[in-house]
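Below: the structure, in structure tokens.
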Amino acid sequence: MGTEQLQRYTLAVLSHLALLAAWHLFVTLGNVPTFVMPSPLATANALLRPEYFWWRNIVATAGEIFGGYALAVVVGIGLAVLFSWFRWLEIALMPLLVSLNMIPKVALGPLFIVWFSYGVVPNILIAFSISFFPIVLTTARGLREVEPDLIDLVRSIRASRWQIFVKIQLPGALPYIFAGAKVAAILAVAGAIVGEFLGSERGLGYLMLQVQVTLDTAAMFMAVILITLIGVVLYGLVLGLERILVVRDARIG
Amino acid sequence: MAFIRIDGVRKVYRTRGKEFLAVSEATFDVRQGDLVALVGPSGCGKTTLLKILAGLHGYDAGTVAIGTATEPFDPARDIGMVFQQPLLLKWRRILDNVLLPAEIMGLPRAASVERAKDLLALVGLRGSEDKYPYELSGGMQQRASIARALIHDPKLVLMDEPFGALDALTREKMNLELLRIWSESRKTIVFVTHGITEAVFLGTRVVVLTAGPARMADNFEIDLPHPRTLDMRTHEQFGAYTRRIYKLLGME
Ligand SMILES: Nc1ncnc2c1ncn2[C@@H]1O[C@H](COP(=O)(O)OP(=O)(O)O)[C@@H](O)[C@H]1O
Ligand SMILES: [Mg+2]
């Protein structure tokens with residue numbers, strides 16, 4: 001790791017710590033009541049309450065986020081690939097997808113619950129439905145972005161459609177796929193939590209609703225932080241994969 | 001017999017019911033080992049003619065024949081192409097970019113790698129094998145794309161304004177490099193350009209196309225000694241060739 005990179009990481013860690021410190025000072029110096037805003041320490045202490053089943057709730061929420069997201073990635077990329085292979089399919093389905101994407105996904109929550117009852121499944125579906133569209137869109141775009149001259153070049157030596165897809169189109173689309181996947185990661189987190197708010201029996205969103213009644217603000221803070229951390233882990237995994245798979249020069253966003 | 005025989009070729013583009021005559025009555029021969037410069041204003045059908053030679057476009061009249069009994073031509077394996085943009089794959093190292101045609105044609109890997117290294121040395125890119133395209137200047141990227149066009153040892157190399165996007169100085173340098181690569185590799189090259197000086201400087205033969213209606217205006221041998229040097233461009237004879245082309249293109 002170069003010194004410049006080290007400096008960047010250090011600064012990033014420092015800005016996070018600075019926020020924690022500011023939060024602490026604000027609460028202690030301003031005598032803010034705990035039920036309005038708990039201190040960082042009080043928030044951390046909420047983790048010690050066994051009746052909140054933190055671990056179980058973390059696993060549930062993370063499962064919904066990762067499940068919905070994985071589904072969105074697979075279906076999104078798969079659909080975009082089909083679009084690039086069968087142009088008529090794209091012409092028929094893309095406008096439909098645009099219309100469907102206008103549906104406020106939150107409004108689907110109650111329906112999913114009717115269809116699949118409470119639990120992980122409707123929440124996965126909400127996370128999926130909210131995050132899959134950007135992936136289809138960017139992947140389809142990326143698969144289209146091939147230089148016509150390059151296609152001519154390989155066609156002059158009789159490259160097959162499959163060779164063009166595997167050697168040129170798909171790797172060329174990777175930066176676009178990741179651009180969509182990064183946006184989708186953020187949406188998937190929001191989707192899963194919305195699902196838990198609408199109706200659920202476990203998960204960090206569900207827990208927030210429970211402790212709201214007892215005004216345990218510290219636990220609510222902790223839940224928000226944990227949700228954020230799950231999101232950060234997901235986003236970090238996507239970024240890491242992008243670093244491995246996409247040459248620096250080709251990265252988007 | 002000439003290596004390429006183009007006789008009365010005519011190409012009409014049809015788009016939305018409209019017809020557009022892109023090439024009419026193109027007739028010329030290319031001998032094996034020639035470096036033919038196709039020169040003409042933009043839009044006159046140079047790229048179209050090149051794509052017809054590459055077998056990428058059909059045509060509406062005339063005949064195109066490539067190869068002779070002693071020098072047979074396989075349209076699936078014997079064409080290398082270079083365009084104005086290097087069109088390198090960003091995610092492949094230079095060596096792997098050069099190898100792309102070999103992979104597509106299923107040539108043996110080890111031998112192709114050796115050949116790719118030799119070609120990179122030929123185009124002056126020794127030591128850049130493991131670099132990514134973005135680490136190379138435009139001129140160097142174009143050199144890599146020339147190496148890529150040669151990797152499968154094609155008999156015919158088609159170049160469409162390959163130095164058109166380079167700055168003037170780099171372009172002159174690349175002209176000299178191309179002549180060296182051509183004389184070392186002994187390929188038949190069809191080189192499209194809209195630069196009149198470039199055409200005369202590079203070509204063993206120049207084919208002049210005029211615009212609207214697109215047609216072939218002239219086709220003549222450039223009788224200048226090889227290897228060509230930059231100072232030849234001030235020779236009397238060189239001037240006579242360029243004037244002849246300017247005249248044909250109505251720029252005198
Ligand atoms: N696919 C196409 N469909 C319709 N017209 C075309 C097509 N390709 C080229 N043309 C037209 O044919 C003419 C010759 O094009 P081109 O061969 O690219 O010229 P040049 O390479 O000399 O600039 C131009 O007027 C261009 O607009
Ligand atoms: Mg052109």
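In what follows, every chain begins at residue 1, and chains take the letters A, B, ... in the order their sequences are listed. These figures come from a predicted structure and were not determined experimentally.
The 12-atom threshold is exceeded at CZ of R158(A), counting heavy atoms of other residues, nucleotides or ligands nearer than 6.0 Å. Within 6.0 Å of CZ in R180(B) there are more than 12 heavy atoms belonging to other residues, nucleotides or ligands. Dense packing is recorded around CZ of R171(B), with more than 12 heavy atoms of other residues, nucleotides or ligands lying under 6.0 Å away. Within a 6.0 Å radius of CZ in R8(A), other residues, nucleotides and ligands contribute 12 heavy atoms or fewer. The local environment of CD in E4(A) is sparse, with at most 12 non-hydrogen atoms from other residues, nucleotides or ligands closer than 6.0 Å.
Pairing each heavy atom of V247(A) with each of Y132(B), the nearest pair is CG2-CE2, 3.6 Å. The shortest heavy-atom contact between S156(A) and L56(B) is N-CD2, 3.9 Å. Here the closest non-hydrogen pair linking D152(A) and F83(B) is CB-CZ, 4.2 Å. Nearest approach of L150(A) to R148(B), heavy atoms of both residues: CD1-NH1, 4.1 Å.
Note that CD1 of I157(A) is 10.0 Å distant from CD1 of I79(B), once rounded to the nearest 0.5 Å. Note: W91(B) CH2 to I168(A) CD1 = 7.0 Å, rounded to the nearest 0.5 Å.
For a heavy-atom cut-off of 4.5 Å, chain A lies close to P75(B), A76(B) in residues 65-76 of chain B. Chain A is approached within less than 4.5 Å, heavy atom to heavy atom, by K51(B), A54(B) from residues 36-54 of chain B, ordered by number.
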Side chain to side chain contact (heavy atoms under 4.5 Å, CB included) between R92(B) and K167(A), intermediate numbers included
CA-CA 10 Å; R92(B) 285 181 175 231; K167(A) 291 187 189 295; 4.1 Å; yes

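Within the 4.5 angstrom heavy-atom criterion, atoms from both the backbone and the side chain of I104(B) approach chain A. Neither the backbone nor the side chain of L158(B) comes within contact range of chain A; no heavy atom of the residue lies under 4.5 Å from a heavy atom of that chain.
Counting heavy-atom pairs closer than 4.5 Å to chain B, the top residue among L174(A), L153(A), V154(A) is L153(A). Ranking E103(B), H152(B), Q84(B) against chain A, the residue ahead of the rest is E103(B), based on heavy-atom pairs under 4.5 Å.
Between M81(B) and R155(A) the shortest side-chain heavy-atom distance does not fall below 4.5 Å.
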